[in-house]
Amino acid sequence: MQSTASHAHTSATDSSHGHAHHEPGFFGKYIFSTDHKVIGIQYGVSALLFLLFGFFLILAMRYQLAKPGSPIPVVGPLLEMIDKDMAKGGIMGGDLYNSFGAMHGTIMVFLAIVPVLFGAFGNYVTPLQIGAPDMAFPRLNMASFHCYFLGGVVMFASFFTPGGAARSGWTSYSPLASVTDLVNRFDGQTYWLIGMVLLITSSLLGSVNFIATIIQLRCRGMSWMRMPFFVWAQFVTGFLLLLAFPPLEAAGLMQLMDNLFGSSFFLPQGLVVDGKQLGVSGGGSPLLWQHLFWFLGHPEVYVLILPAIGIVSEVISNNIRKPLWGYRSMVYAAMSIGFLSFIVWAHHMYLTGMGTKVATFFQTTTMMISIPSVIILTALFISLWGGSIRFNSASLFALSFLPMFGIGGLTGLPLGFNASDVFLHDSYYVIGHFHYVVAPGTMFAVFAGIYFWFPKITGRHMNEWLGKLHWAGSLFFMNCVFAPMFIQGFKGMSRRMSDGGTTYFGGDVAMGGDPGVLKLNNMILWSAVGLGISQIPFIINFFSSIFSGKRVSSDNPWQATTLDWATPTPPPHGNFIGEPVAYRGPYEYSVPGAKSDFTPQSEKA
Amino acid sequence: MEIPYTYKARPDTGLYNAKVGIWLFLASEIMLFGALFSAYILLRVSAPVGFWPDVALGWPRGLLNIPIGTFNTAVLITSSVTVVLAWASLKMNNFARFRVYMVITVVCALAFLGIKSFEYNDKFSHYVVRLKDGKALTGHIEVNGKHPRFWNFNDQWSVAKLTEQKVEKIKVEVDPPRDIHGHVKKDAGHGAAAHAAQEVAVSDIESMGSYTPATHPFFAVYFLITALHGLHVLGGALVLAYFAFPGAKMWKSNPEQFINRIEVGGLFWHFVDLVWIFLFPVVYLL
């Protein structure tokens, strides 16, 4: 025992040398930073890059859908260089289409939207709004970003493995995901699983940190009902990530075992692949994977939308110069959404034959969860009534979020009903529905947030003219991309066909052909190209404004009330000069009798 | 600016940051293990008839060694007690006693892992040999006069591999026959006769496999949950060992925070024990 002790002592001395403190150099400041603001920016930049990458994946796919079998311009030769078999002559083959589709979903959800909402905005803004000097666990916060980044690298690397990236959809349903490559077991799917485990670890560390920060580090006077709605949204999101992701991690480990060690968690008995019996023990359950996946998958939807609503609430209340209408009911609605989102998952599985009783239960809970969502959206709409609205880039994006999210939400109702879902399931209608929620919905909130907080982060405004150009183009083309999908879906076009439905809708009208439906593919393609072009003003604006944007006139250029605007610009390490105190609620705009139309939370009563 | 409440409790919540953090972390851990346990239940309940339990072999009962599992449970529970005693010793300002209890805790953890690896080894070299006449034999095998060893992945045998290496006969040390509840049949007898080695011609074998995840979902579940639990034991033991020795310097500089750390580490350790307390009856006894 004595020798163990002395040995441990020596190693302790060694390690303490390794951790000696230096002045932070480049790496300490930007790569291994523990400051929540730097981590927020790291998250934001990486997530936006992944967003762009995910967009390019779908652009290539849309080309293949609109013009099946013709070589993809510009990137075709590049794709052929990376994988000769899957992109012969620059034409996107079925396998490549599948792999791009799977990775588009994965990248957009797990590497772009969640990190930008939770990792970037959550990290940067939450501690500022509750008056905290940093997150509760700054080093965990750093580890969270590093896990995310590593997960992103693994996902990205999987494109270059033999056989390409995962190609069983972003949902990775078994047994498909376990039998795509029977020879090379360490295939894209395995990379996907390892990447997911890293990403889940990252969001686990993040969510523990966020919840602990919000519970523990609220400044003096910041009672629960004085928290800005954005913080509430992050708080609920934290719980969703904390509790919904681990089951997917468990499922991921099981699928990893299936793929690498030949177990049969998700493989039924007597499975035949390519006309041959698969030599596995069997006895597993493909439904099990779907249950575990959607147990994450549905709360994940609210992870994608709640922080977005939080951002929109901040931007809207500031730009209409009015308090949010029904702040408390919005908070309770957000909590109800958080709770209900855990018991609706199987509405993604009506067609699996799990039984009518189960389906009825999930149909009921699904209808229930639409109530709090409608409460929030209605509260935001009513807030606009009688406001004196400022139309700047941030508020335009936030305002267009409302109808877009409305369309996305309402088109979800027919999918929540089991009878109508039987017809619409797996059609383009579904794609249209959830993209309306996430693309013009969440993405618009993200843009609103960027335009809104950019002055706090950099000390400079973004260019308004370019911003409005960005908004107009995005709004127009977003709708041109996604609205036709509802029509295609009603006509019965499956979302899984790499030829854009030519097999079913091509040919003679008398034989069931429908050239109109196919023409919509063209419209969607060119609208998507237009959408891409609309982002160019944003990219130019973003980078040029960092260096040459109009300087902010004060620390609070928008005349906002919340504590994030009570910091110096940009906020230094430790955020606040002196101890911040919240004396009042978060949205005291246009209070009758007040000396100006806004009263910051930090202003003494 | 310092981050507040890193070790002092926040007045309105009554908690310091790390304690909130560890409870949240444990909540997510419950969801992780909960999902695995649910998967086990779902797989077992919905298994095809005759598959689970496997009628021919009496699976899955009686496949795991209950006395060893019971002993391991006792080992972990002991460590749970000692980790509390270690924390209490610090509260009573007795550092020497703290270290003794912490060392016992870590030794228990290592003993648990040692025993577990012994069990793993046994399963990896335990085979089910299904013969062409429909019968099945289970037992440890001998190939070329040697027992396969689990740490050597090349030492796993299949019919194809035996044929390829031109092995004509293998020896199976046949397990005593069991009833459907996994109990050794009374009339089977014990000792050398029941454990008789039987020579089997490779040409008579339909298929064979060791007690690994690929052989039956029961083993897949067993290995996945116990391995994940084992990783938690290992991680916990490393952290507690760190607290006992190099990390104990903090006892001099900031005793309050050090006691908090032990408390948080102890909470994690109790959770690891708790998982096992569910795991043991569910996989060994049911």
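In what follows, chains carry the letters A, B, and so on, assigned in the order in which the sequence lines appear, proteins first and then strands, with residues in each chain numbered from 1. Please read all numbers here as calculations on a predicted model, not as lab measurements.
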Count the heavy atoms belonging to other residues, nucleotides or ligands that lie under 6.0 Å from NZ of A:K357, then report whether that count exceeds 12.
no
For a quick test of reading the model, state the closest non-hydrogen atom pair linking A:R218 to B:D12 and the distance between them.
NH2-OD2, 4.2 Å
Are there more than 12 heavy atoms of other residues, nucleotides or ligands under 6.0 Å from atom CZ of B:F278?
no
Side-chain contact test, heavy atoms from C-beta onward, threshold under 4.5 Å: evaluate it for A:M254 versus B:L36 and give yes or no.
yes
Run the side-chain hydrogen bond (donor to acceptor under 3.5 Å, both in side chains) test against B:H126 and tell me which residues pass, sequence neighbours left out.
B:D175
Which bit of A:M135 comes within less than 4.5 Å of chain B, counting heavy atoms only: side chain, backbone, both or neither?
backbone
Gap separating the OG atom of A:S264 from the CZ atom of B:F218, nearest 0.5 angstrom:
15.0 Å
The ring-ring contact (aromatic ring centres under 6.0 Å, His included) partners of A:F239 (sequence neighbours excluded) come to A:F235
Looking only at heavy atoms, the pair that brings B:A220 and A:M257 closest together is O-CE, 3.7 Å
Against chain B, label A:L292 side chain, backbone, both or neither, depending on which of its atoms sit under 4.5 Å from a heavy atom there.
side chain
Once rounded to the nearest 0.5 Å, what's the spacing between atom CG of A:L243 and atom CG of B:L32?
12.0 Å
Mind checking the CE-CZ spacing from B:M31 to A:F295? Nearest 0.5 Å is all I need.
3.5 Å
So which part of A:F245 gets closer than 4.5 Å to some heavy atom of chain B, the side chain, the backbone, both or neither?
neither
Out of A:H291, A:E249, A:Q269, which one racks up the most heavy-atom pairs below 4.5 Å with chain B?
A:Q269
Taking heavy atoms only and a threshold strictly under 4.5 Å, list by residue number the residues of residues 198-206 of chain A that touch chain B; give 'none' if the list is empty.
A:L204
Checking heavy atoms, do the side chain of B:Y16, its backbone, both or neither come under 4.5 Å from chain A?
backbone
One option among B:S38, B:A47, B:A39, B:A241 has the most heavy-atom pairs under 4.5 Å with chain A, and it is B:A39
Nearest heavy-atom approach of A:F265 to B:L43 is O-CD2, 3.5 Å
Given a strict heavy-atom distance threshold of 4.5 Å, which part of B:L15 is in contact with chain A: side chain, backbone, both, or neither?
both
In terms of heavy-atom pairs under 4.5 Å, which option from B:S28, B:G34, B:G209 contacts chain A the most?
B:S28
Sort out for me which of A:A251, A:A250, A:P572 touches chain B most, counting heavy-atom pairs under 4.5 Å.
A:A250
Tell me, please, which residues at least two apart from B:Y5 pass ring-ring contact (aromatic ring centres under 6.0 Å, His included).
none
Looking only at non-hydrogen atoms, find the nearest pair between B:G21 and A:V208 and report the distance.
O-CG1, 3.7 Å
If you count heavy-atom pairs within less than 4.5 Å of chain A, which of B:I30, B:V221, B:T6 leads?
B:V221
Which heavy-atom pair separates B:N17 from A:A136 by the least distance, and what is that distance?
ND2-CB, 4.1 Å
Heavy-atom pairs under 4.5 Å with chain B, option from A:I211, A:N209, A:D134, A:L140 with the top count:
A:I211
Close side-chain approach of A:L287 to B:L42, heavy-atom, < 4.5 Å:
no
Which pair of heavy atoms, one from A:S281 and one from B:A214, lies closest together, and at what distance?
CB-O, 3.3 Å
